[in-house]
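Everything below concerns the one structure shown next.
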Amino acid sequence: QAQLVESGGGLVQPGGSLRLSCAASGRTFSSYAMGWFRQAPGKEREFVAGVSRIGGSTYYADSVKGRFTISRDNAKNTLYLQMNSLKPEDTAVYYCAASLAGTHTAVVVPTSRYDYWGQGTQVTVSS
């Protein structure tokens, strides 16, 4: 079982940057494919980015492609999301999640395939 704790959220102006972190404990971190999701008020939770178990494969939602970068450090049991050129529409609660689905090179996208979730961190993009 994995325990996930996000940090790094906050208030940032449009065009700014933030780096989210997700610290994992419990089962071996490299056992999981990892992902970042977000949920804005009144909207469903949506996939943002995912990374495979050893970090060789990544996948992004079209809305963040070219602006966000997902990475992981298996030695530090930590997942990251570097967010650049932030827009007001990026405002949401951001969640990290861990999945046991797929192969070692697979990025897991569907929300339903994730087994463990963090509590979320608020990101607000506003001037």
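No side-chain donor-acceptor contact under 3.5 Å links Ser52 to the backbone of Val107. A donor-acceptor pair under 3.5 Å is formed between the side chain of Arg67 and the backbone N or O of Ser85. Here the side chain of Tyr114 pairs a donor or acceptor atom with the backbone of Val108 at under 3.5 angstrom. Using a distance-only test at 3.5 Å, with no hydrogens or angles considered, no donor-acceptor pair links the side chain of Thr91 to the main chain of Thr124.
For the pair Phe68 and Asn84, the minimum side-chain heavy-atom distance is 4.5 Å or more. Within the 4.5 Å cutoff, side-chain heavy atoms of Tyr60 are placed close to those of Thr69. Using a 4.5 Å heavy-atom cutoff, the side chains of Trp117 and Arg45 are in contact. Under the 4.5 Å side-chain criterion, counting only non-hydrogen atoms from C-beta, Val5 is in contact with Gln119. Residues Ile54 and Ser30 have side chains not in contact (no heavy-atom distance under 4.5 Å, counting atoms from C-beta outward). A heavy-atom distance below 4.5 Å is found between the side chains of Val48 and Leu81. Side-chain contact between Val123 and Asp90: absent, with no pair of heavy atoms (C-beta onward) separated by less than 4.5 Å. Contact annotation: the side chain of Thr121 approaches that of Leu20 to within less than 4.5 Å [non-hydrogen atoms, C-beta and beyond].
When all heavy atoms of Gly102 and Arg113 are compared, the closest pair comes out as N-NH2, 4.4 Å. Minimum interatomic distance between Cys22 and Leu4 (heavy atoms only, all atoms of both residues): SG-CB, 3.9 Å. Taking every heavy atom of both residues into account, Leu79 and Cys96 meet most closely at CD2-CB, 3.9 Å.
Here CD of Gln3 is found 12.5 Å from CZ of Arg27. Values are rounded to the nearest 0.5 Å.
Each of Val51 and Phe37 belongs to its own hydrophobic cluster when Ile, Leu, Val, Met, Phe, Trp and Tyr are linked at side-chain heavy-atom distances under 4.5 angstrom.
Between the side chains of Asp73 and Thr78, no donor-acceptor pair of N or O atoms lies under 3.5 Å.
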Test log, rule side chain to side chain contact (heavy atoms under 4.5 Å, CB included), inputs Arg72 and Asn77: CA-CA 8 Å; Arg72 65 189 296 165; Asn77 294 343; over 6 Å; no
Is there a side chain to side chain contact (heavy atoms under 4.5 Å, CB included) between Leu86 and Leu18? Walk through the geometry before answering. CA-CA 8 Å; Leu86 282 160; Leu18 280 176; 4.2 Å; yes
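In terms of the ring-ring contact (aromatic ring centres under 6.0 Å, His included) criterion, residue partners of Tyr116 (sequence neighbours excluded) are, by chain and number, Tyr32.
Geometrically, Arg38 does not engage Tyr95 in a cation-pi contact defined by less than 6.0 Å to the ring centre and at most 45° from the axis. Geometric assessment of Arg19 against the ring of Tyr80 yields a positive cation-pi assignment under the 6.0 Å and 45° thresholds.
Ring centroid separation for the pair Trp36 and Phe47 does not come in under the 6.0 Å cut-off.
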